[in-house]
Amino acid sequence: MRTHRYAVLALAVVVGLIGWAGPVLGQAFPSRAIEFVVPFGAGGGSDILARAIAKVIAEEKLLPVPLVVSNRAGGSGAVGWSYVLSKKGDPYFLTTVSGSYWTTPLLGLAPFKPTDFTPVAGIALDTFFFVVRAESTYRTLRDIVEVARKSPELITVGGSAAASDDRVSTALLERAAGIKFNYIVFGGSGPALTNLLGGHISTTWLNPGEGLEQIRAGKVRALAVTSTERLKAFPNVPTFKELGYDVVWEQYRGVAMAPAVPPDAVKVMSDAFQRMCRTQRWQKEYIEANLLVSICQGPEAWGKTIEAVSERYVRMFRELAIIK
Amino acid sequence: MSLPRPGRVLWDRLAALLLLAFAVYIVAVARQLTYMQGRVPGPGFAPFWIGVGLGVAALAILAGSWREARSGRPAGVQPEEEPLPPARPLTLVAIGAVTIAAVVLIERVGMLTALALVLLALGRILGGSWRAAVLTAIGLPLFFYLLFALWLKVPLPRGPWGF
Amino acid sequence: METLRLLGEGFAVVVQPLNLAAAVAGVLVGQLVGVLPGIGPASTIAILLPVTLSLNATAAMIMFIGIYYGAMYGGTITSVLFRIPGESASVMTTIDGYAMARRGRAGPALGIAAFGSFIAGTLGVIALMLLAPSLARVALAFGPPEYATLLLLSLSLIVYLTGRNPAKGAAAALLGLWLSVVGVDLITAKPRFTFGQLNLLSGVEFVPVAVGLFGLAEVLLSVQRGAAGAGVTADLRLRAVLPTVADWLASRWAILRGTLIGFFVGMLPGAGATAASMISYATEKRFSRHPERFGTGAIEGVAAPESANNAAAVGAMVPLLTLGIPGSATTAVMLGGLLIFGLRPGPLLFQEHAPFVWGIIASMYVSNVLLVLLNVFAIPAFVAVLRLPRAVLLPSIAALAIIGVYSLENSVFEVWMALLFGGLGYLMHRLEYPPAPLVLALVLGNTFEETVRQSLQISHGSLAIFATRPLAAAFLVLTVVLIALPVVAQRRQVRRLRAVRKAT
């Protein structure tokens, strides 16, 4: 009797241990929820991307487990990405990649390099409109360049950060036209846009998604776009290139995992992303809703993009004397 | 009215001296930052003047405490609240120590276990019964688990036992 | 007339069962989330996005509105009962709300907060409904110089919060200003005072500071006070816990002024409900005939900030609905949610999606009614919590503070910050340094610095930009008047006191 009871107890312990250690001991990836770290607060571009991904992946049943979005904001992404960095080898952490992923470490504000993480998928790219408000006397880019030539630093350009895509685009235009703007940082494109609409600054940069409604309502005019070709949704907005200024700048969005993740786990994730990218739902709810260009890059191509973009930022920041 | 207790003036001056030292630190760091960028204030401008202001305030507090001591009555008008009973330093230190220990433990034993420990220890320190302390230590973390972890999906730190 | 017709159509939208259910669910969730420190309306809406996506855009937005308003109502409860601000916009409520609770008047404090919120919310929606387009123009008139001078005016109100030793008040305010510049400088991307901490790069978070300075410090002080401190009403019947006629008389103007300030400040992108509640509290103290009552349980000190934060939540909808620009984190999340539905708010929203917009406006009225009922009838239950034995209540408050602050950024660092400021808050109280100037300066400080620098960048360094723009100049004049008056008044008071002392 007594031995019997011990045997049951022992069995229970063993079963319990297996149940507990099961996920670690060779169950197929993924066997539990994956934490999708957004290194920014709720409501930002990265947050919207992550939540759209989590939604489409769940609705299209592309992964057997949910992606649980967690916002770990702070230090222009430094906090969230450092957190994922510390999960080396653990495939249960996914994070978003966006502009700050390159700029924050470049500014010496984060203990990682963009190439430290495991690339999973390049998702979309975004471009920038150079806009003035409807009441502005500047009708074309040429008007602005001429005024800026005569009086340097007269034309104010609103931007979201001191070292960001808007700053780089501004610098590219300054260099291409041989002029000097008065660049003013507003901490976000929302405040920059209100200041533009209120007539407190002359120009600013907007993503097509941010600008669409304003342009449609006739509140702002887009003078040029930083893409290589005209955007389908805005056939009337010329590129800088056609206007004779070598200003091409794109903003990439994608996802990455912690460093040194097992290759089979990367494959599972990247397969899911490749399939997601091709669903109607994804194209409609994220790409079209935000007027982006879908790129659908797999791990290898995305890794190369990350490196290439990294080099572009280094070059531009050196030129701007933001870094040495 | 409540005259300053003997130690009060001393503490007051000590705090003011600490503030003064901190003001010096702020100014010192601010001077490493750019004060003016062209014609526009740089990142060092505001901290510099904040430090200077804090220093002046600290000196004013010192001077006030001097006046207060000499005139034998508190500067200004009326104290805002009834005086506190004398501190029970041991209880306060114990509470502080328990809380700090629990926060250290959050990432080792998990958020819920750490909170259970806080509830248990503080409940006992504050003179509650074992029964009440244990009940709170089990009930509240359970409630938090349902609310934060299950429903609001906050990724709470977990201990080696899975919660 | 046209407005009334549209509003009628809006109500027709709201009373559809699905939309009504969304409103009820929203206010319940918002209320709960408002009670928890840390998790705010922005993160709640983000968390619930997947749930709302099974609805349509209108129902989802109605739910978001319910959450937003619910959080503004709910933030009051822990502020009054435990001195833990449930939302950052409820910090000012802790001062007099908690003082009232300690005198056994938690009920009237919660009651006036609920009614004040209701009045402010409703007046705010009326203003939004009738004036939205012209209000949008006001919001656009605010460039960096206008912000800078408005913030200067707001910061100068600290003079009224300093307590009995102005030097100590000034020191607290300067510490707050210093805390506000910690982090990466917006204009140059250079880190300042970050002590090598990644978590400090984005600056000092407000919630852990407030929870520590007010809530955790209060736990320590309650321990020290012993059993004597607790004030509990014996009678928990609804009639006994509601505000009295005297309470109403004392707070009627506070509610109206709070509404006005809240709506206006909330409408300005980037200013927000927290700033609005602080400015209205300080203004109330400034205009009070008995400013000395503030901090000891003045009901106006609860009515004003609570009305202001609700009006601000309505005001924040103005730039979103009229311009398509989110002015706060919460409205930014709402915008993100609407994008997923393929609905993109912009300047044409009112024309092109009238039923949607008016449905939302009508839902604001409905949410307010639901919330005032919910909050008033729940007061006895809330107050009953104070009857728990101290050895259960105080540890529970500490635990709530810890998990709440953690959930803000999912980070133990913020918990450490809260503990640090808990200790500091205790010391400040013992040494009679007032905490209110510190938090006000922390909220407004860095925006003030940024807008001053932006202004000077625009004017190429010329200070004239603050004097030549009419709005900015008006704020400057007001600031001078507000600073000059108390100095004169204080001189007079001191002289009077001396005379009294000599006489006795």
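In what follows, chains carry the letters A, B, and so on, assigned in the order in which the sequence lines appear, proteins first and then strands, with residues in each chain numbered from 1.
C:Arg225 has a carboxylate O that lies under 4.0 Å from a charged side-chain N of C:Glu218, or vice versa, which qualifies the two as a salt bridge. A salt bridge is defined here as a Lys NZ or Arg NE, NH1 or NH2 lying under 4.0 Å from an Asp or Glu carboxylate O, and C:Asp96 with C:Arg103 fails to meet this definition.
Between chain B and the residues C:Leu394, C:Val415, C:Leu36, C:Val452, the most heavy-atom pairs under 4.5 angstrom are made by C:Leu36. Of all the listed residues (C:Gln457, C:Glu449, C:Arg192), the one sharing the greatest number of non-hydrogen pairs under 4.5 Å with chain B is C:Arg192. Contact tally against chain B (heavy-atom pairs below 4.5 Å) for C:Pro389, C:Ser396, C:Gly169: the top residue is C:Ser396. Heavy-atom pairs under 4.5 Å with chain B were tallied for C:Val412, C:Leu186, C:Val181; the largest tally goes to C:Val412. When C:Gly461, C:Ser462, C:Ala173 are compared by the number of non-hydrogen pairs under 4.5 Å with chain B, C:Gly461 comes out ahead. Considering only heavy-atom pairs separated by less than 4.5 Å from chain C, the leading option among B:Ala46, B:Ala30, B:Ala60, B:Gly123 is B:Gly123. Interface summary for chain B: among C:Asp185, C:Val219, C:Asn446, C:Val33, the most heavy-atom pairs under 4.5 angstrom belong to C:Asp185.
No side-chain donor from either of C:Tyr98 and C:Arg102 sits under 3.5 Å from a side-chain acceptor of the other.
The part of C:Ala398 that comes within reach of chain B is its side chain, from C-beta onward, which places non-hydrogen atoms under 4.5 angstrom from that chain. Only the side chain of B:Ile95 comes within contact range of chain C, with heavy atoms under 4.5 Å apart. Interface residue B:Thr136: only side-chain heavy atoms are found under 4.5 Å from chain C. Interface remark: B:Ile61 contributes backbone and side-chain atoms alike to the contact with chain C (heavy atom separation under 4.5 Å). Contacts between C:Phe448 and chain B at a heavy-atom distance below 4.5 Å are absent for every atom of the residue. Interface residue C:Leu177: backbone and side-chain heavy atoms are both found under 4.5 Å from chain B. Heavy-atom distances place the side chain of C:Thr188, and not its backbone, under 4.5 Å from chain B. If you measure heavy-atom distances from B:Pro157 to chain C, the contacts under 4.5 Å come from both the backbone and the side chain. With a 4.5 Å cut-off on non-hydrogen atoms, C:Pro191 touches chain B through its backbone but not through its side chain. Looking at C:Leu393, neither its backbone nor its side chain comes within 4.5 Å of chain B, counting heavy atoms on both sides.
Contact annotation: the side chain of C:Lys168 approaches that of B:Asp12 to within less than 4.5 Å [non-hydrogen atoms, C-beta and beyond]. Two residues are said to be in side-chain contact when any heavy atoms from C-beta on lie closer than 4.5 Å; B:Val40 and B:Phe45 fail this criterion. C:Ile402 has its side chain out of reach of C:Leu216: every pair of non-hydrogen atoms, C-beta onward, lies at least 4.5 Å apart.
Residue C:Ile403 forms a side-chain contact (heavy atoms from CB on, under 4.5 Å) with just one option from B:Leu115, B:Ile106, B:Leu140, B:Leu147, and that option is B:Leu115.
Atom CH2 of B:Trp151 is separated from atom OH of B:Tyr145 by 15.5 Å, given to the nearest 0.5 angstrom.
Using the six-membered ring where Trp is involved, B:Tyr25 and B:Phe22 have ring planes that are parallel, under 30° apart on the 30 and 60° scheme.
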